Amino acid sequence: MHYVELPDNTPRPLPFYLAMEEYIARHIDADDCFFMWQVKPTVIFGRNQLIENEVNIPFCQENGIETYRRKSGGGCVYADMGNIMLSYITKSERVAFTFGKYTTMIAYMLHKMGIEAQATGRNDILIEGKKVSGNAFYHVPGRSIVHGTMLYDTNMRNMVGAITPSSEKLVSKGVESVRQHITLIKDHSTITLEEFMQHIRTTICHSTLLLDNDDVEKIEGIMQEYLSPEFIYGNNPRYTVRYQRRIENVGEFDVRIEVKHKIIRDISIMGDYFLTGDIDRDIITPLKGKKLTRESISSAITCDVSNVIHNMTNEMLTLLLTPEQ
């Protein structure tokens with residue numbers, strides 16, 4: 001595994017590191033790459049989430065917390081200099097397999113510190129049943145990217161105040177507060193943050209790949225997409241029908257369908273689910289122009305939905321889009 005280093009330690013905004021993942025995936029010819037990064041207080045929400053549903057925008061504005069969207073699915077997370085962000089890029093089209101490989105690798109790294117950790121659920125790494133790391137994934141042609149948090153320490157007031165998870169999600173996890181279902185590395189070890197980061201690097205990586213200023217300039221070019229208001233805020237879809245539902249081990253869904261004369265004109269499937277394929281090509285486009293009935297939807301979706309949305313079946317999708325029929 002190569003550890004990817006930047007030519008300097010200049011503080012950079014969160015979108016730079018997302019762009020860095022893309023740059024490595026598209027332009028660095030190496031089988032496996034990894035790097036760590038830290039940012040000032042920032043909220044990052046998933047590709048298919050509506051910011052107003054997930055982020056306490058007034059709180060973030062009042063407390064100097066930045067907000068950005070990423071291209072992977074999954075839920076909303078808070079990051080600051082008290083925790084570590086991890087990025088793994090590998091030559092693979094098998095996103096779900098790669099994700100499992102990555103979480104197992106991170107759990108093993110914690111075991112080497114004497115911390116009993118388990119990779120479990122859709123995307124979590126747990127210590128004593130509490131979440132210490134949440135992760136998400138996506139792919140570009142020929143490469144899979146996994147990235148996530150590692151909670152060494154963090155500003156709990158900011159974390160709780162900046163993110164507004166639904167009460168249903170909290171209830172489903174059997175907790176009454178965010179602090180009750182997360183834990184911090186500092187709760188389980190006397191290791192310093194700097195020592196912990198060094199342990200991660202030496203455990204996972206055995207060589208170094210140094211980027212240069214030309215690489216940085218190209219990464220900054222990719223970063224501009226992440227900084228655009230259109231990407232961050234998106235467009236609120238028009239709709240005449242709206243369904244909200246949580247599917248266990250798949251995610252939360254907010255489905256909005258524009259229907260005219262019982263025909264689907266447009267459809268948006270938002271939520272914290274994980275994409276493993278092309279939802280626009282394989283699900284959204286085939287549904288446009290079809291009747292909003294279970295039979296029509298079932299016939300229109302000819303792909304294996306589990307290859308597009310992690311852990312979802314074709315039957316689950318049909319029922320999600322037509323719950324009242």
Side-chain angles (χ1 to χ4, degrees), residues 1-24 33-46 55 60 63-72 74-89 102-103 105-106 109-110 113 115 123 125 127 131-137 145-163 178 182-205 208-211 215-216 219-220 222-223 226-227:
M1 179 93 70
H2 299 287
Y3 188 86
V4 183
E5 274 192 353
L6 291 165
D8 58 69
N9 295 320
T10 302
R12 294 175 169 91
L14 185 144
F16 176 90
Y17 300 103
L18 300 180
M20 182 173 166
E21 293 173 343
E22 278 200 56
Y23 179 77
I24 293 170
C33 293
F34 177 84
F35 66 95
M36 293 176 284
W37 40 287
Q38 293 172 285
V39 292
K40 62 184 181 180
T42 307
V43 168
I44 177 173
F45 51 100
V55 182
C60 290
N63 291 273
I65 301 171
E66 298 180 351
T67 56
Y68 298 106
R69 185 185 299 276
R70 63 180 186 268
K71 292 185 178 179
S72 59
C76 189
V77 298
Y78 168 82
D80 60 25
M81 294 299 291
N83 72 330
I84 307 163
M85 307 297 285
L86 311 176
S87 295
Y88 171 56
I89 304 97
Y102 167 81
T103 55
M105 177 177 68
I106 297 301
M109 176 273 297
L110 293 172
M113 293 174 57
I115 297 175
N123 66 325
I125 295 174
I127 299 174
K131 181 175 178 177
V132 73
S133 173
N135 303 277
F137 56 86
I145 298 171
V146 184
H147 49 203
T149 61
M150 179 59 68
L151 293 173
Y152 175 86
D153 191 9
T154 195
N155 184 317
M156 290 303 306
R157 176 182 174 275
N158 279 355
M159 176 181 283
V160 174
I163 299 174
V178 171
I182 71 164
T183 191
L184 308 172
I185 293 297
K186 73 170 190 176
D187 296 337
H188 305 274
S189 175
T190 59
I191 193 170
T192 66
L193 176 59
E194 291 73 21
E195 290 169 341
F196 181 48
M197 294 179 71
Q198 185 61 31
H199 170 75
I200 295 173
R201 178 167 176 171
T202 55
T203 302
I204 293 176
C205 301
T208 300
L209 195 160
L210 182 63
L211 300 182
D215 295 316
V216 170
I219 293 169
E220 289 172 342
I222 297 172
M223 179 178 68
Y226 289 93
L227 295 175

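Computed from a prediction, not measured in an experiment: that's the story for all the values here. Heads up: numbering here begins at 1 and tracks the sequence.
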Look up atom [atom1] in [X] and atom [atom2] in [Y], then write down how far apart they are to the nearest 0.5 Å.
X    : Y    : atom1 : atom2 : result
T42  : Y68  : OG1   : OH    : 6.5 Å
L151 : I84  : CG    : CD1   : 9.5 Å
L211 : F35  : CG    : CZ    : 9.0 Å
T203 : M1   : OG1   : CE    : 11.0 Å
I182 : M156 : CD1   : CE    : 3.5 Å
I125 : M105 : CD1   : CE    : 9.0 Å

If you compare all heavy atoms of [X] against all heavy atoms of [Y], which two are closest, and at what distance to 0.1 Å?
X    : Y    : answer
Y3   : M36  : OH-N, 3.2 Å
V4   : M20  : CG1-CE, 3.8 Å
V43  : C76  : CG1-SG, 3.3 Å
H199 : I191 : CB-CD1, 4.5 Å
I145 : E21  : CG2-OE1, 3.7 Å
M85  : N83  : SD-ND2, 4.1 Å

Verdict with reasoning, L110 to I185, per side chain to side chain contact (heavy atoms under 4.5 Å, CB included): CA-CA 9 Å; L110 293 172; I185 293 297; 3.7 Å; yes
Listed by chain and number, what are the side chain to side chain donor-acceptor pair (under 3.5 Å) partners of [X], not counting sequence neighbours?
X    : answer
T202 : none
Q38  : none
S133 : N135
E5   : R201

Trace of the side chain to side chain contact (heavy atoms under 4.5 Å, CB included) decision for F196 with K186: CA-CA 10 Å; F196 181 48; K186 73 170 190 176; over 6 Å; no
Hey, are the side chains of [X] and [Y] touching, using non-hydrogen atoms and a 4.5 Å cut-off?
X    : Y   : answer
L14  : E66 : no
V216 : P7  : yes
L18  : I44 : yes

Residues that A136 engages under side-chain contact (heavy atoms from CB on, under 4.5 Å), provided they are two or more places apart: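 Partners of A136 under the side-chain contact (heavy atoms from CB on, under 4.5 Å) test: R70, S72, H147, F274.
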Counterpart residues, ring-ring contact (aromatic ring centres under 6.0 Å, His included), relative to [X] (two or more places apart):
X    : value
Y23  : H27
Y226 : F231
Y88  : Y102
Y17  : W37

Counterpart residues, salt bridge (charged side-chain N to carboxylate O under 4.0 Å, His left out), relative to R12 (two or more places apart): D8
E22: partners by salt bridge (charged side-chain N to carboxylate O under 4.0 Å, His left out), with sequence neighbours left out: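 Applying salt bridge (charged side-chain N to carboxylate O under 4.0 Å, His left out) to E22 gives R26, K71.
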Residue that, paired with V132, satisfies side chain to side chain contact (heavy atoms under 4.5 Å, CB included) out of L184, D187, I127: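 Looking at L184, D187, I127, the match for V132 under the side chain to side chain contact (heavy atoms under 4.5 Å, CB included) is I127.
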Verdict with supporting geometry, I163 and F45, side chain to side chain contact (heavy atoms under 4.5 Å, CB included): CA-CA 9 Å; I163 299 174; F45 51 100; over 6 Å; no
Side chain R69, main chain G46, donor-acceptor under 3.5 Å: yes
Residues N155, Y78; criterion side chain to side chain contact (heavy atoms under 4.5 Å, CB included); working and verdict: CA-CA 9 Å; N155 184 317; Y78 168 82; 3.9 Å; yes
Summary of salt bridge (charged side-chain N to carboxylate O under 4.0 Å, His left out) pairs that have at least one residue in residues 78-88, sequence neighbours excluded: none
